[in-house]
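Order of the sequence lines fixes the chain letters, A, B, ..., with proteins taken first and strands second; residue numbering starts at 1 for each chain.
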Amino acid sequence: MYWRLTTSLLGRGVPRPRMIPTGLRAGSGGCSRWEEEKTADGVKWTQLEHRGPYFAPLYEPLPDDVQFYYDGKPLKLSLATEEIATFYAKMLDHEYTTKEIFQNNFFNDWRKEMTPQEQKIIKHLDKCDFREIHKYFVDKNEARKALPKEEKQKLKEAADKIQEEYGYCILDGHREKIGNFKTEPPGLFRGRGDHPKMGMLKKRIMPEDVIINCSKDSKIPEPPAGHKWKEVRFDNTVTWLASWTENIQNSLKYIMLNPSSKLKGEKDWQKYEVARKLKDVVHKIRAQYQADWKSKEMKKRQRAVALYFIDKLALRAGNEKEEGETADTVGCCSLRVEHIKLHPKLDGQEHVVEFDFLGKDSIRYYNKVSVEKPVFKNLQLFMKNKDPGDDLFDRLTTVILNKHLQNLMNGLTAKVFRTYNASITLQEQLKALTNPEDSVAGKLLSYNRANRAVAILCNHQRSTPKTFEKSMQNLQSKIDAKKQQLEEAEKELKKAEDEFEETKDAKAEANIRKKKKLLERLKEQLAKLNVQATDKEENKQIALGTSKLNYLDPRISIACEVFTALIQADEKRWGRGWHWRPLSCWQLKKCKTWSWTRFVLGKPIKWKRKSI
DNA sequence: CTTAGCACTTAGGAGCTCCTAC
DNA sequence: GTAGGAGCTCCTAAGTGCTAAG
């Protein structure tokens with residue numbers, strides 16, 4: 001039996017769950033307790049008490065012997081100017097500082113903060129020498145790492161104390177962990193991709209910038225001595241505890257709860273419930289957009305083709321963004337003619353669309369997809385008489401698309417397709433890849449492969465880790481060594497067998513058994529290493545974390561035999577009750593919040609890991 | 001309809017911690 | 001006991017999607 005709980009959570013032909021306790025059954029409507037608690041008027045809490053944000057430490061001036069040089073001569077900077085100089089100095093060995101936009105933005109903003117005298121002297125960035133400052137911080141960092149154990153312990157205790165004091169709030173009588181309780185320290189803006197604002201000065205957040213949100217009757221947080229809050233409000237229709245406006249994009253930043261909190265957990269659960277609801281209507285929706293490919297209205301055709309991409313390729317919606325304010329990235333609705341190429345025939349396939357564009361975080365999306373003929377014809381039509389820089393779907397926006405989706409299913413938006421397709425892919429892949437007879441290592445490989453299929457679908461990439469080549473080599477030499485040991489063991493066994501042939505005594509027989517056992521163990525170890533190597537290589541440029549955290553319904557993982565096997569293997573090793581190893585933190589977090597999954601194995605799981 | 005503002009989720013990289021293998 | 005590395009948390013940027021105003 002593959003599914004321990006036989007819950008085909010998002011799939012077709014749902015087999016009935018067997019082991020979910022009544023009252024917690026997630027089959028039809030999900031967890032009724034949470035649904036009951038949901039209020040229609042948007043109220044998110046009735047009580048909220050916290051200490052306010054923890055402010056980034058004030059600037060500590062450089063020691064006198066650490067100098068800044070301009071045009072080869074030492075120059076003592078004013079405090080404010082010096083602080084900004086250290087931001088740049090710290091980044092000296094980062095690629096950012098080699099980029100012209102970064103340098104220009106930095107220099108512009110830096111000059112604005114200089115005294116008039118400094119402005120008169122410091123006119124060119126290339127005459128600035130930050131190297132001594134850079135070295136100072138590198139050394140400081142080294143020194144911190146080399147600190148004796150007790151000193152490190154002291155630092156950790158101090159950090160823990162701050163976490164203890166500022167890192168939690170009381171929400172409706174429960175102590176909940178805050179996600180980001182510290183204000184963002186000042187520094188230079190690090191945008192992703194070709195960001196026009198990279199290098200700009202990110203200003204220090206002061207209490208006077210901060211809006212506090214809490215309940216009226218709670219102990220209102222004290223601003224740091226000599227300071228005032230910008231505002232204190234009591235808005236229980238939002239979930240944030242504090243907010244401020246950042247100066248780069250002029251957008252709001254929030255202090256919110258940790259994902260382990262009830263508030264976030266429920267939201268997460270709801271998200272997957274909406275995705276499960278889509279499962280029931282997705283066939284109808286697909287049939288409809290296929291019909292709409294032939295609509296007389298251009299608007300409908302564009303909507304239908306875009307939705308097809310969102311569904312088939314898991315593209316993001318693609319909201320419009322202000323030009324020149326951010327990196328030039330697109331999603332589905334904002335695709336431009338230059339982002340696709342049409343090939344009537346390519347590599348033995350027909351109607352191939354070649355996608356090449358930068359998506360969120362300037363991650364490249366490159367894909368060649370064979371599409372249905374009407375889609376291909378429509379794309380040709382949409383591209384006719386357009387320039388490369390024109391919108392592919394000129395009659396479509398995310399607002400139009402989402403309005404349409406809302407009519408098809410309550411709560412349906414473009415992003416739900418990503419969640420749905422990610423989770424259903426995990427489930428289907430697990431079903432296709434895992435085999436009950438596999439070893440635990442094999443099962444884990446299968447799980448990772450299923451996870452990987454999702455990450456590829458969602459285009460979750462990472463840069464190859466810096467240490468990849470080296471650690472791969474290390475692994476390979478381990479494999480080689482193991483192979484040699486194995487050969488050795490085979491010879492030994494042969495020898496032992498020969499000896500038994502000759503002597504026929506019990507001692508020799510025992511020796512054979514011993515050698516056989518060793519051989520078995522080595523074989524197992526080798527297999528495990530080989531699996532590891534395969535996994536590592538396949539995983540080189542793919543990020544699994546994002547899909548695990550945001551797209552995969554944890555109930556699918558929990559219900560899957562891979563985890564049952566891992567838990568059993570672990571019990572052998574750690575004794576009963578130690579279930580934290582196979583269920584990694586991301587799952588634990590979700591499981592703790594989704595209380596019903598504590599009954600995955602038909603019995604409550606003891607949670608032992610202290611960080612949870 | 002368009003635009004701006006707001007609140008929230010999703011994202012990759014940095015850096016830290018703790019385990020494992022030597 | 002220590003080096004190396006996997007896997008985690010932290011950080012904060014960059015998306016989505018909704019609402020309200022004009």
Side-chain angles (χ1 to χ4, degrees), chain A residues 42 44 56 94 141 144-145 149 152 156 159 163 167 177 179-185 187 189-193 195 197-198 202 211 213 235 237-240 243 245-246 248-254 256-260 263-264 267-268 270-271 316-322 325-327 329-334 358-363 397-403 405-406 411-416 418-419 422 455 458-463 465-468 470-472 474-475 478 481 532 535-536 539 541 543-551 581 584-586 588-589 609 611-612:
Chain A
K44 307 278 173 30
H94 201 290
N141 214 359
R144 191 178 48 87
K145 278 184 203 156
K149 233 181 181 169
K152 275 187 183 166
K156 191 169 181 302
Q163 164 79 40
K177 199 169 174 194
N180 56 326
F181 61 90
K182 293 173 178 167
T183 62
E184 292 172 16
F189 177 73
R190 300 150 96 117
R192 317 238 169 97
H195 202 294
K197 299 194 171 186
M198 63 167 76
K202 221 175 95 164
I211 302 172
N213 192 37
D235 184 354
T237 67
V238 296
T239 64
W240 52 268
S243 72
T245 303
E246 55 90 35
I248 303 287
Q249 322 265 12
N250 220 265
S251 67
L252 282 157
K253 297 264 183 170
Y254 301 94
M256 286 184 186
L257 293 184
N258 187 276
S260 63
L263 205 63
K264 293 278 188 192
K267 207 63 195 303
D268 200 36
Q270 276 173 18
K271 173 182 76 186
R316 295 187 185 82
N319 282 322
E320 285 128 298
K321 25 194 261 176
E322 219 171 322
E325 293 292 301
T326 61
T329 61
V330 295
C332 185
C333 293
S334 50
L358 297 181
K360 182 177 179 181
D361 291 316
S362 295
I363 297 292
T397 65
T398 54
V399 176
I400 296 171
L401 179 63
N402 281 336
K403 248 185 205 138
L405 293 175
Q406 186 57 237
L412 187 61
T413 62
K415 85 193 260 286
V416 178
R418 245 167 106 80
T419 314
C458 294
N459 201 37
H460 290 144
Q461 298 186 32
R462 62 168 181 175
S463 42
K466 285 182 200 97
T467 54
F468 183 84
K470 207 174 147 243
S471 72
M472 201 64 195
N474 288 349
L475 192 55
K478 263 193 205 166
Q532 257 180 37
D535 209 24
K536 205 181 173 84
N539 225 21
Q541 282 171 299
L544 300 183
T546 305
S547 49
K548 265 184 191 152
L549 207 58
N550 300 308
Y551 289 101
R581 286 175 57 80
S584 59
C585 206
W586 61 270
L588 275 177
K589 234 189 261 170
R609 196 166 182 181
S611 63
I612 304 300

Looking only at side-chain N and O atoms, does [X] come under 4.0 Å of OP1 or OP2 in [N]?
X: Lys253(A); N: dT12(C); value: no
X: Lys321(A); N: dG15(C); value: yes
X: Asn319(A); N: dT16(C); value: yes
X: His460(A); N: dT10(B); value: no
X: Arg316(A); N: dA11(B); value: yes
X: Gln249(A); N: dA14(C); value: yes
X: Thr546(A); N: dT10(B); value: no
X: Lys197(A); N: dA13(C); value: no

Assign [X] to base, sugar-phosphate, or nothing according to its heavy-atom contacts below 4.0 angstrom with the strands shown.
X: Ala327(A); value: nothing
X: Gly331(A); value: nothing
X: Thr329(A); value: sugar-phosphate
X: Lys415(A); value: sugar-phosphate

Inspect the surroundings of NZ in Lys152(A) and state if more than 12 heavy atoms from other residues, nucleotides or ligands are less than 6.0 Å away.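 It does: Lys152(A) NZ has more than 12 such atoms within range.
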Has [X] got a side-chain atom pairing as donor or acceptor with [Y]'s backbone, closer than 3.5 angstrom?
X: Lys321(A); Y: Thr326(A); result: no
X: Lys271(A); Y: Asn550(A); result: yes
X: Asn250(A); Y: Thr245(A); result: no
X: Thr183(A); Y: Ala56(A); result: yes
X: Asp268(A); Y: Ser260(A); result: no

Looking only at the side chain of Asn402(A) (C-beta and beyond, no hydrogens), which of the listed nucleotides dC18(C), dT10(B), dC11(C) gets closest?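 The answer is dC18(C).
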The side chain of Glu184(A) is closest to which nucleotide in this list: dG12(B), dC18(C), dT12(C)?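 When the side chain of Glu184(A) is considered, dT12(C) is the closest of dG12(B), dC18(C), dT12(C).
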Output the rounded distance in Å from [atom1] ([X]) to [atom2] ([N]).
X: Lys360(A); N: dT9(B); atom1: NZ; atom2: P; result: 12 Å
X: Glu325(A); N: dG15(C); atom1: CD; atom2: C1'; result: 16 Å
X: Leu549(A); N: dT10(B); atom1: CG; atom2: P; result: 9 Å
X: Asn550(A); N: dT10(B); atom1: CG; atom2: C1'; result: 5 Å
X: Lys548(A); N: dA11(B); atom1: NZ; atom2: P; result: 15 Å
X: Glu322(A); N: dG15(C); atom1: CD; atom2: P; result: 14 Å
X: Glu320(A); N: dA4(B); atom1: CD; atom2: P; result: 11 Å
X: Lys182(A); N: dC10(C); atom1: NZ; atom2: P; result: 9 Å

Bend angle of the helix from dC1(B)-dG22(C) to dC22(B)-dG1(C), end axes from five pairs each (to 10°):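 Roughly 20° between the end axes, to the nearest 10°.
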Short N/O separations, protein against nucleotides 5-8 of chain B, under 3.5 angstrom:
from: dA7(B); atom 1: OP2; to: Tyr254(A); atom 2: OH; distance (Å): 2.9
from: dC8(B); atom 1: OP1; to: Lys44(A); atom 2: NZ; distance (Å): 3.2
from: dC8(B); atom 1: OP2; to: Thr239(A); atom 2: N; distance (Å): 2.9
from: dC8(B); atom 1: OP2; to: Thr239(A); atom 2: OG1; distance (Å): 3.0
from: dC8(B); atom 1: O5'; to: Thr239(A); atom 2: OG1; distance (Å): 3.3

How many angstroms lie between atom [atom1] of [X] and atom [atom2] of [Y], to the nearest 0.5 angstrom?
X: Asn319(A); Y: Thr398(A); atom1: CG; atom2: OG1; result: 3.5 Å
X: Ser547(A); Y: Asn459(A); atom1: OG; atom2: CG; result: 11.5 Å
X: Lys415(A); Y: Leu405(A); atom1: NZ; atom2: CG; result: 13.0 Å
X: Lys177(A); Y: Gln163(A); atom1: NZ; atom2: CD; result: 5.0 Å
X: Thr239(A); Y: Lys44(A); atom1: OG1; atom2: NZ; result: 6.5 Å

Protein N or O to nucleotides 13-16 of chain B N or O, pairs below 3.5 Å:
from: dG13(B); atom 1: OP1; to: Ser463(A); atom 2: OG; distance (Å): 3.4
from: dG13(B); atom 1: OP2; to: Ser463(A); atom 2: N; distance (Å): 3.3
from: dC16(B); atom 1: OP1; to: Arg144(A); atom 2: NH2; distance (Å): 3.3

Using 30° and 60° as the class boundaries, would you call the ring planes of Phe189(A) and His195(A) parallel, tilted or perpendicular?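 Phe189(A) and His195(A): perpendicular rings.
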Any donor-acceptor pair under 3.5 Å linking the side-chain atoms of Gln406(A) with those of Thr413(A)?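 No, no side-chain donor-acceptor pair sits under 3.5 Å.
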